[in-house]
Peer 1: 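Let me begin by handing over the structure; questions about it come next.
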Amino acid sequence: MEEAIEEAQKAFYLGEVPVGAVMVDGGYNIVARAHNLMETLGDPTAHAEILAIKEASKRMGDWRLEGCSLFVTLEPCIMCAGAIIQSRLSYLFFGARDPKAGAVVSLYRVLDDPRFNHKVNYLPGVLEKRASNMLKSFFLGLRGRSKGEVAEWTKAGDSKSPDPF
């Protein structure tokens with residue numbers, strides 16, 4: 001999860017919602033890492049989880065990621081939960097819960113639905129406070145700022161930036 005938090009920090013400094021994801025294979029080797037890039041790419045599907053799943057599939061040469069584990073700093077949304085099921089991941093570990101869009105334990109329980117043909121084991125709350133504090137800091141910094149101002153205050157070393165870490 002430490003590696004996922006580092007990815008979230010990269011998103012923070014880009015002015016993206018600070019969510020990071022890391023995929024590891026069954027031997028605990030990192031096979032993909034990603035962070036949110038929705039604003040940067042202008043792509044509503046560029047969530048950290050989706051980008052990590054795509055990269056892991058590419059590197060492993062298979063869309064089936066059985067035996068792999070995904071570590072993500074924020075509870076996945078319904079789109080990402082669906083991708084997690086479809087990619088046949090074995091495990092999901094996440095930090096902060098998302099009461100507005102969380103599809104694992106907060107708003108929906110997509111991974112618990114027995115009608116799906118694949119079961120993903122999950123563990124919420126891993127380094128939850130650190131992940132949550134980074135998100136809170138980001139959204140506090142957004143209040144009352146224009147898009148251009150957000151890019152300015154997220155630059156590393158900017159004395160006006162809130163410290164998310």
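From a predicted model like this one, the values you see are computed outputs, not experimental measurements.
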Peer 1: Under 3.5 Å, side chain of Asn29 to main-chain N/O of Asp25, donor-acceptor pair present?
Peer 2: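 Judged by distance alone, no pair lies under 3.5 Å.
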
Peer 1: Establish whether Met23 and Ile84 are linked, either directly or via other cluster members, by ILVMFWY side-chain heavy-atom contacts under 4.5 Å.
Peer 2: yes

Peer 1: Surrounding NZ of Lys54 (heavy atoms of other residues, nucleotides or ligands, distance under 6.0 Å), is the total greater than 12?
Peer 2: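 It does not: Lys54 NZ has 12 such atoms or fewer within range.
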
Peer 1: Calculate, to the nearest 0.5 Å, the distance between atoms CG and CG belonging to Asp43 and Leu51 respectively.
Peer 2: 7.5 Å

Peer 1: Kindly indicate whether the side chain of Val24, heavy atoms from C-beta on, has any atom under 4.5 Å from the side chain of Val31.
Peer 2: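 Val24 vs Val31: side chains apart.
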
Peer 1: To the closest 0.5 Å, what do you measure between CG (Asn121) and OG (Ser69)?
Peer 2: 9.0 Å

Peer 1: For the residue pair Ser90 / Glu66, report whether a side-chain donor-acceptor contact shorter than 3.5 Å exists.
Peer 2: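 No, because no side-chain N or O of Glu66 sits under 3.5 Å from a partner of the opposite role on Ser90.
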
Peer 1: Mind checking whether Tyr108 and Ile50 sit in one hydrophobic cluster, side chains of I, L, V, M, F, W, Y counted as touching below 4.5 Å?
Peer 2: no

Peer 1: Looking at every heavy atom in both Lys119 and Leu111, which two are closest together, and how far apart are they?
Peer 2: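 Closest pair (atom of Lys119, atom of Leu111, distance): NZ-O, 3.6 Å.
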
Peer 1: Quick check for you: to the nearest 0.5 Å, what is the distance between Asp98 atom CG and Leu74 atom CG?
Peer 2: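 So the CG of Asp98 and the CG of Leu74 are separated by 4.5 Å.
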
Peer 1: Can you sort out the partners of Glu55 under side chain to side chain contact (heavy atoms under 4.5 Å, CB included), two or more places apart, ordered by chain and number?
Peer 2: Ala32, Lys58, Arg59

Peer 1: Find out whether Met60 and Leu65 are in side-chain contact, i.e. whether some heavy atom of one side chain is under 4.5 Å from a heavy atom of the other.
Peer 2: yes

Peer 1: Test your reading of the model: is there a side-chain donor-acceptor pair from Glu75 to the backbone of Phe94, 3.5 Å cut-off?
Peer 2: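 Not confirmed, Glu75 side chain does not pair with Phe94 backbone.
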
Peer 1: From the options Glu49, Glu3, Glu2, Glu6, select the one residue that forms a salt bridge (charged side-chain N to carboxylate O under 4.0 Å, His left out) with Arg33.
Peer 2: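 The option that passes is Glu3.
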
Peer 1: Can you check whether Gln86's main-chain N or O pairs, donor with acceptor, with Arg88's side chain at less than 3.5 Å?
Peer 2: yes

Peer 1: Given side chain to side chain contact (heavy atoms under 4.5 Å, CB included), test Tyr91 with Val120 step by step and report yes or no.
Peer 2: CA-CA 6 Å; Tyr91 301 97; Val120 179; 5.9 Å; no

Peer 1: In terms of the angle between their ring planes, are Phe12 and Phe138 parallel, tilted or perpendicular, with boundaries placed at 30° and 60°?
Peer 2: perpendicular

Peer 1: If Ile, Leu, Val, Met, Phe, Trp and Tyr residues are connected whenever their side-chain heavy atoms lie under 4.5 Å apart, and connections chain through other members, are Phe116 and Leu89 in the same group?
Peer 2: yes

Peer 1: Tell me the closest heavy-atom pair linking Ala81 and Pro76, and the distance in Å.
Peer 2: N-CB, 4.1 Å

Peer 1: Is it the case that one hydrophobic cluster holds both Ile53 and Ile78, taking links as side-chain heavy atoms less than 4.5 Å apart, direct or via other members?
Peer 2: yes

Peer 1: For Ala131 versus Gly95, what's the shortest heavy-atom pair and its separation?
Peer 2: CB-CA, 4.4 Å

Peer 1: Is Ile5 close to Met134 at the side-chain level, that is, under 4.5 Å between some pair of heavy atoms?
Peer 2: yes

Peer 1: Would you say Arg97 and Val105 make side-chain contact, with heavy atoms under 4.5 Å?
Peer 2: yes

Peer 1: Donor-acceptor check, side chain of Ser87 to backbone of Ala83, threshold 3.5 angstrom: yes or no?
Peer 2: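 Side chain of Ser87 to backbone of Ala83, a donor-acceptor pair under 3.5 Å: yes, one is there.
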
Peer 1: With hydrophobic residues grouped by side-chain heavy-atom distances under 4.5 Å, do Met38 and Val19 end up in a single group?
Peer 2: no

Peer 1: When rounded to the nearest 0.5 angstrom, what is the spacing between SG in Cys68 and CG in Asp62?
Peer 2: 9.5 Å

Peer 1: Quick one: does Asn36's side chain have a donor or acceptor within less than 3.5 Å of a partner on His47's backbone?
Peer 2: no

Peer 1: Is Thr73 reaching over with its side chain to a backbone N or O of Ala8, donor-acceptor style, under 3.5 angstrom?
Peer 2: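 Answer holds: no.
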
Peer 1: Got Pro18 and Leu135 here, is their nearest side-chain heavy-atom distance under 4.5 Å?
Peer 2: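 Of all side-chain heavy-atom pairs linking Leu135 with Pro18, at least one is under 4.5 Å.
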
Peer 1: How about Tyr122 and Asp112: does a side-chain donor come under 3.5 Å of a side-chain acceptor?
Peer 2: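 Yes.
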
